[in-house]
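Structure record follows, encoded as structure tokens.
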Amino acid sequence: MYEESEISWIDRGDITRVVEAFPRLETLETRGAGVRVRPFASEHLRRLRLESGGLPGEAVRNLCACDLPNLEHLDLWLGVEYYGGDTTVADLAPILSGERFPALRRLGLEDAERADQIAEALAGAPVVARLESLSLALGTLTDAGAEALLAGQPLTHLSHLDLHHHFLSRPMMERLRQALPGVELDLDEQKSGPDWPYVAVSE
């Protein structure tokens with residue numbers, strides 16, 4: 001039986017119905033395709049994690065319309081377009097600008113087919129300055145995206161930067177380590193081989 005304050009791994013569906021059924025919910029973690037979100041308000045939700053091989057842009061746009069003043073931790077697995085993951089950087093703009101979710105301190109934009117574009121957007125995103133933890137793990141990050149991060153705003157205030165499952169060269173990995181000496185940096189799972197990068201989870 002689930003505790004009302006925490007629900008994990010609901011397989012697909014409309015997450016809004018879960019929040020409406022458990023209005024004091026603090027943690028909601030979902031996994032599966034077909035994630036749907038309708039705009040909702042919750043003063044209690046503090047952690048939201050949506051794991052999907054293809055997170056629809058409509059779901060992200062509706063999430064950005066939610067009133068979640070105490071949301072501290074947000075993880076979105078964006079996935080690939082083939083499985084419905086058509087979220088764009090523009091869809092993420094309300095999060096990146098810091099306009100939404102004023103309590104946000106941990107942000108994951110993960111399993112992303114457009115990881116380099118997201119990295120470029122994060123390089124100047126106002127929300128980054130107030131984050132403690134940032135993750136671009138499980139996606140297609142290459143040297144181009146890492147270069148954008150290094151050329152952008154300082155990341156030395158972060159306690160943790162998770163980039164595991166990436167397509168970075170060894171020289172770029174070393175540049176990151178030297179540039180962020182006080183940051184817990186996860187560069188595990190260096191990938192190579194095919195002509196195009198691939199996300200960790202797409203089905």
Side-chain angles (χ1 to χ4, degrees), residues 8-13 15 29-37 48-61 63-64 73-93 95-96 106-125 128 131 133-152 155 158 160-177 179-180 183-203:
S8 299
W9 314 132
I10 306 300
D11 184 22
R12 72 178 56 191
I15 69 165
E29 301 179 341
T30 75
R31 175 178 291 172
V35 175
R36 298 188 302 279
V37 181
L48 178 61
R49 183 176 181 87
L50 305 181
E51 295 187 1
S52 176
L55 188 62
E58 181 181 13
V60 173
R61 291 190 294 273
L63 175 63
C64 290
H73 191 159
L74 176 64
D75 285 310
L76 302 176
W77 284 21
L78 302 177
V80 299
E81 190 167 1
Y82 185 81
Y83 289 103
D86 58 358
T87 299
T88 66
V89 171
D91 294 330
L92 298 168
I95 300 172
L96 301 182
R106 298 178 180 273
L107 176 62
L109 301 173
E110 301 163 324
D111 200 51
E113 192 172 34
R114 301 179 178 91
D116 283 349
Q117 295 177 29
I118 292 171
E120 292 172 5
L122 284 167
V128 172
L131 295 179
S133 175
L134 175 63
S135 177
L136 291 172
L138 306 175
T140 61
L141 189 70
T142 70
D143 282 9
E147 186 71 50
L149 288 175
L150 289 174
L155 301 176
L158 295 174
H160 187 208
L161 177 60
D162 188 352
L163 303 178
H164 84 271
H165 184 283
H166 59 81
F167 294 81
L168 304 179
S169 65
R170 291 194 179 278
M172 179 56 74
M173 292 167 66
E174 185 58 30
R175 283 183 61 192
L176 285 164
R177 292 188 183 101
L180 303 169
V183 179
E184 182 181 349
L185 184 60
D186 190 341
L187 291 170
D188 289 348
E189 299 184 44
Q190 180 191 31
K191 304 295 181 181
S192 63
D195 294 333
W196 63 91
Y198 55 90
V199 301
V201 180
S202 60
E203 297 185 52

Value rounded to 0.5 Å, distance of [atom1] in [X] from [atom2] in [Y]:
{"X": "Arg170", "Y": "Leu187", "atom1": "CZ", "atom2": "CG", "answer": "11.0 Å"}
{"X": "Leu161", "Y": "Leu134", "atom1": "CG", "atom2": "CG", "answer": "5.5 Å"}
{"X": "Ser135", "Y": "Leu74", "atom1": "OG", "atom2": "CG", "answer": "11.5 Å"}
{"X": "Arg61", "Y": "Leu92", "atom1": "CZ", "atom2": "CG", "answer": "10.5 Å"}
{"X": "Leu122", "Y": "Gln117", "atom1": "CG", "atom2": "CD", "answer": "12.0 Å"}
{"X": "Trp77", "Y": "Arg31", "atom1": "CH2", "atom2": "CZ", "answer": "5.5 Å"}

Specify the closest pair of heavy atoms between [X] and [Y], including all atoms of both residues, with the distance to one decimal.
{"X": "Leu131", "Y": "Leu158", "answer": "O-CD2, 3.5 Å"}
{"X": "Gly145", "Y": "Ala119", "answer": "O-CB, 3.5 Å"}
{"X": "Leu176", "Y": "Ala146", "answer": "CD1-CB, 4.3 Å"}
{"X": "Ala121", "Y": "Leu96", "answer": "CB-CD1, 3.7 Å"}
{"X": "Ser52", "Y": "Leu55", "answer": "OG-N, 3.7 Å"}
{"X": "Ala148", "Y": "Glu120", "answer": "CB-CG, 3.7 Å"}

| With sequence neighbours excluded, residues passing ring pair (Phe, Tyr, Trp, His ring centres under 6.0 Å) with His166 |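 Listed in chain order: nothing, the list is empty.
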| query | Is there side-chain contact between Leu48 and Ile15, with heavy atoms separated by less than 4.5 Å? | reply |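 They are in side-chain contact.
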Who pairs with [X] by salt bridge (charged side-chain N to carboxylate O under 4.0 Å, His left out), at least two apart in sequence or on another chain?
{"X": "Arg36", "value": "none"}
{"X": "Asp86", "value": "none"}
{"X": "Asp75", "value": "Arg49"}
{"X": "Glu147", "value": "Arg175"}

| Residues Leu150, Met172; criterion side-chain contact (heavy atoms from CB on, under 4.5 Å); working and verdict | CA-CA 10 Å; Leu150 289 174; Met172 179 56 74; 3.8 Å; yes
Which residues pass the side-chain hydrogen bond (donor to acceptor under 3.5 Å, both in side chains) test with [X], not counting sequence neighbours?
{"X": "Arg177", "value": "none"}
{"X": "Ser169", "value": "Asp143"}
{"X": "Glu113", "value": "none"}
{"X": "Glu174", "value": "Gln178"}

Tell me, please, which residues at least two apart from [X] pass side chain to side chain contact (heavy atoms under 4.5 Å, CB included).
{"X": "Thr142", "value": "Asp116, Ala144, Phe167, Pro197"}
{"X": "Ala93", "value": "none"}
{"X": "Ala200", "value": "Asp111, Leu138, His165"}

| Are Leu168 and Gln190 close enough, and set up right, to give a side-chain contact (heavy atoms from CB on, under 4.5 Å), and what steps lead you there? | CA-CA 7 Å; Leu168 304 179; Gln190 180 191 31; 5.6 Å; no
| said: Under the criterion side-chain contact (heavy atoms from CB on, under 4.5 Å), I'd like the reasoning laid out for Ile118 against Leu78: C-alpha separation, chi angles, the key distance, then a yes or no. | reply: CA-CA 11 Å; Ile118 292 171; Leu78 302 177; 3.4 Å; yes
| request: Go through the steps for Ser133 and Asp162 under the test side-chain contact (heavy atoms from CB on, under 4.5 Å), then give the verdict. | output: CA-CA 8 Å; Ser133 175; Asp162 188 352; over 6 Å; no
| Donor-acceptor pair, side chain of Thr140 and main chain of Ala112, under 3.5 angstrom |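 Pair found, side chain donor or acceptor close to backbone of Ala112.
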